[in-house]
**Student:** 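Would you mind keeping the following structure in view while I ask a few things?
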Amino acid sequence: MDLITPLQLSHLEPIAQGAQKLVFRHPEDPRVLVKVINPRFIERHDRRDTFYKKRRRIGHHRAFAREMIEHLVSRALHPGRLAPCPHIQNILGVVDTDMGAALLVEAVLDENGDLAPTLQDLLETGRYGEREQQALETFFDWALASNVLINDLSTDNLARHPDGHFVMIDGLGDRAGIPIRAVSPWFNRLYKRKKIRQLREEIESLRQCD
Ligand SMILES: Nc1ncnc2c1ncn2[C@@H]1O[C@H](COP(=O)(O)OP(=O)(O)OP(=O)(O)O)[C@@H](O)[C@H]1O
Ligand SMILES: [Mg+2]
């Protein structure tokens, strides 16, 4: 894979998108996704953001920095050793594209090589059963035991790996101005407990709509 020549993405159709990013398949390797900040998001925020936010050196790439820091945090307990974390998206690097700097990540794919379903997809299509519930409990146990920071534990930020386990593909890190959770494991766990409680409530209400 050529990692040096800037990628040309603007003529391609994104395979997925959220509120902030456009997600493309890497043109040379379907197991890799390329995430860029959506130009519409940039435009909207450039109009609305306060003077203080505009002065941030990292600008709109703040979301990438948050994800990358937590990627490294998850490996920091085992320095100098192979230490992948099955519960968070694997980050492969940063590359230049004609749509700005992009994050290269490993795609969570299903058995057919398509993007794996998110928890939201599973809930919407009646595929959230006993097995998925158990896998989510395992994910929660990991999240509470780990020192990784989580800010957006929403149903579309969790993808179901074909092995059955859930992978967080977005929403890591700390958005707070004062990074209390980064220095206090107690506050971190308390906050994650709240996020887990909110997700449980959301799942319950979505299941009642069935
Ligand atoms: N590593 C991945 N493997 C499989 N699918 C992924 C992966 N990363 C992202 N996706 C898909 O792309 C969608 C959007 O990606 P992502 O959540 O990173 O964008 P976003 O704009 O930051 O989202 P949000 O609306 O939560 O801010 C996800 O909901 C998911 O469907
Ligand atoms: Mg998302």
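In each ligand, atom 1 is the first atom listed, and ligand 1 is the first ligand listed. Excluded from the calculations below are hydrogen atoms, water molecules and symmetry mates; all remaining heavy atoms, backbone and side chain alike, are included.
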**Student:** Looking only at N, O or S atoms, find the one in Asp170 nearest to the Mg ion (ligand 2) and name it.
**Tutor:** OD2

**Student:** Run the numbers for me: atoms of ligand 1, each under 4.0 Å from some heavy atom of Asn157, listed by number.
**Tutor:** 17 (O), 26 (O)

**Student:** Purely on distance, is any nitrogen or oxygen of Val105 under 3.5 Å from one on ligand 1?
**Tutor:** no

**Student:** Just distances here: any N/O of Ser154 and N/O of ligand 1 closer than 3.5 Å?
**Tutor:** no

**Student:** Could you measure the distance from the CG atom of Asp152 to the CZ atom of Arg175? Nearest 0.5 Å is fine.
**Tutor:** 6.0 Å

**Student:** Please write down residue, atom name and distance for the protein heavy atom closest to atom 3 (N) of ligand 1.
**Tutor:** Val108 N, 2.8 Å

**Student:** N/O to N/O below 3.5 Å, does that happen between Lys21 and ligand 1?
**Tutor:** yes

**Student:** Distance only, no hydrogens: is a donor on one side chain within 3.5 Å (strictly under) of an acceptor on the other, for Asn157 and Ser154?
**Tutor:** yes

**Student:** Do the ring planes of Phe64 and His61 sit parallel (below 30°), tilted (30 to 60°) or perpendicular (above 60°)?
**Tutor:** parallel

**Student:** Could you check atom 16 (P) of ligand 1 against the protein and tell me its nearest heavy-atom contact, residue, atom and distance included?
**Tutor:** Asp170 OD2, 3.7 Å

**Student:** List the closest protein heavy-atom neighbour of atom 7 (C) of ligand 1: residue, atom name, distance to the nearest 0.1 Å.
**Tutor:** Leu33 CD1, 3.4 Å

**Student:** Would you kindly check if the NZ (Lys) or CZ (Arg) of Arg160 is within the cone defined by 45 degrees around the ring axis of Phe166 and under 6.0 Å from the six-membered ring centre?
**Tutor:** no

**Student:** Which protein non-hydrogen atom lies closest to atom 28 (C) of ligand 1, naming both residue and atom, and how far is it?
**Tutor:** Ile169 CD1, 3.6 Å

**Student:** May I ask you to check whether Gln17 and Lys35 show a side-chain donor-acceptor distance below 3.5 Å?
**Tutor:** no

**Student:** Quick check: does any side chain N or O of Asp121 sit under 3.5 Å from a backbone N or O of Thr118, one acting as donor and the other as acceptor?
**Tutor:** yes

**Student:** Answer with side chain, backbone, both or neither: which part of Gln89 has a heavy atom less than 4.0 angstrom from an atom of ligand 1?
**Tutor:** side chain

**Student:** Identify the protein heavy atom lying closest to atom 29 (O) of ligand 1, giving its residue, its atom name and the separation to 0.1 Å.
**Tutor:** Asp156 O, 2.9 Å

**Student:** Looking only at side-chain N and O atoms, does Glu106 offer a donor or acceptor that is under 3.5 Å from a partner on Asn90?
**Tutor:** yes

**Student:** Any heavy atom of Ala107 sitting closer than 4.0 Å to ligand 1?
**Tutor:** yes

**Student:** Just need the protein heavy atom nearest to atom 25 (O) of ligand 1, so name the residue and atom and give the distance.
**Tutor:** Ala19 N, 2.7 Å

**Student:** Looking at non-hydrogen atoms alone, which of Lys35, Met168, Gln120, Arg31 comes nearest to atom 18 (O) of ligand 1?
**Tutor:** Lys35

**Student:** Looking at atom 31 (O) of ligand 1, what's its closest protein heavy atom, distance included?
**Tutor:** Thr118 CG2, 3.6 Å

**Student:** Atom CD1 in Ile91, atom NE2 in His71: separation rounded to 0.5 Å?
**Tutor:** 6.0 Å

**Student:** So, 2.8 Å as the limit: is an N/O/S atom of Asn157 located closer than that to the Mg ion (ligand 2)?
**Tutor:** yes

**Student:** Could you check if a side-chain atom of Asp2 sits within less than 4.5 angstrom of a side-chain atom of Glu28, using non-hydrogen atoms only?
**Tutor:** yes

**Student:** Considering only heavy atoms of Ala16, which atoms of ligand 1 have at least one such atom less than 4.0 Å away?
**Tutor:** 11 (C), 12 (O), 13 (C)

**Student:** Is a donor from one side chain sitting under 3.5 angstrom from an acceptor on the other, for Ser10 and Asp98?
**Tutor:** yes

**Student:** Out of all atoms in ligand 1, which are within 4.0 Å of some heavy atom of Glu106? Include the element for each.
**Tutor:** 1 (N)

**Student:** Is the number of heavy atoms from other residues, nucleotides or ligands under 6.0 Å of Ile178 CD1 greater than 12?
**Tutor:** no

**Student:** Identify, by atom number and element, the atoms of ligand 1 in contact range of Val23, meaning under 4.0 Å from any of its heavy atoms.
**Tutor:** 12 (O), 14 (C), 15 (O)

**Student:** Within the structure, does Ala116 bring an N/O atom to less than 3.5 angstrom of an N/O atom in ligand 1?
**Tutor:** no

**Student:** Kindly indicate whether the side chain of Asn188, heavy atoms from C-beta on, has any atom under 4.5 Å from the side chain of Val148.
**Tutor:** no

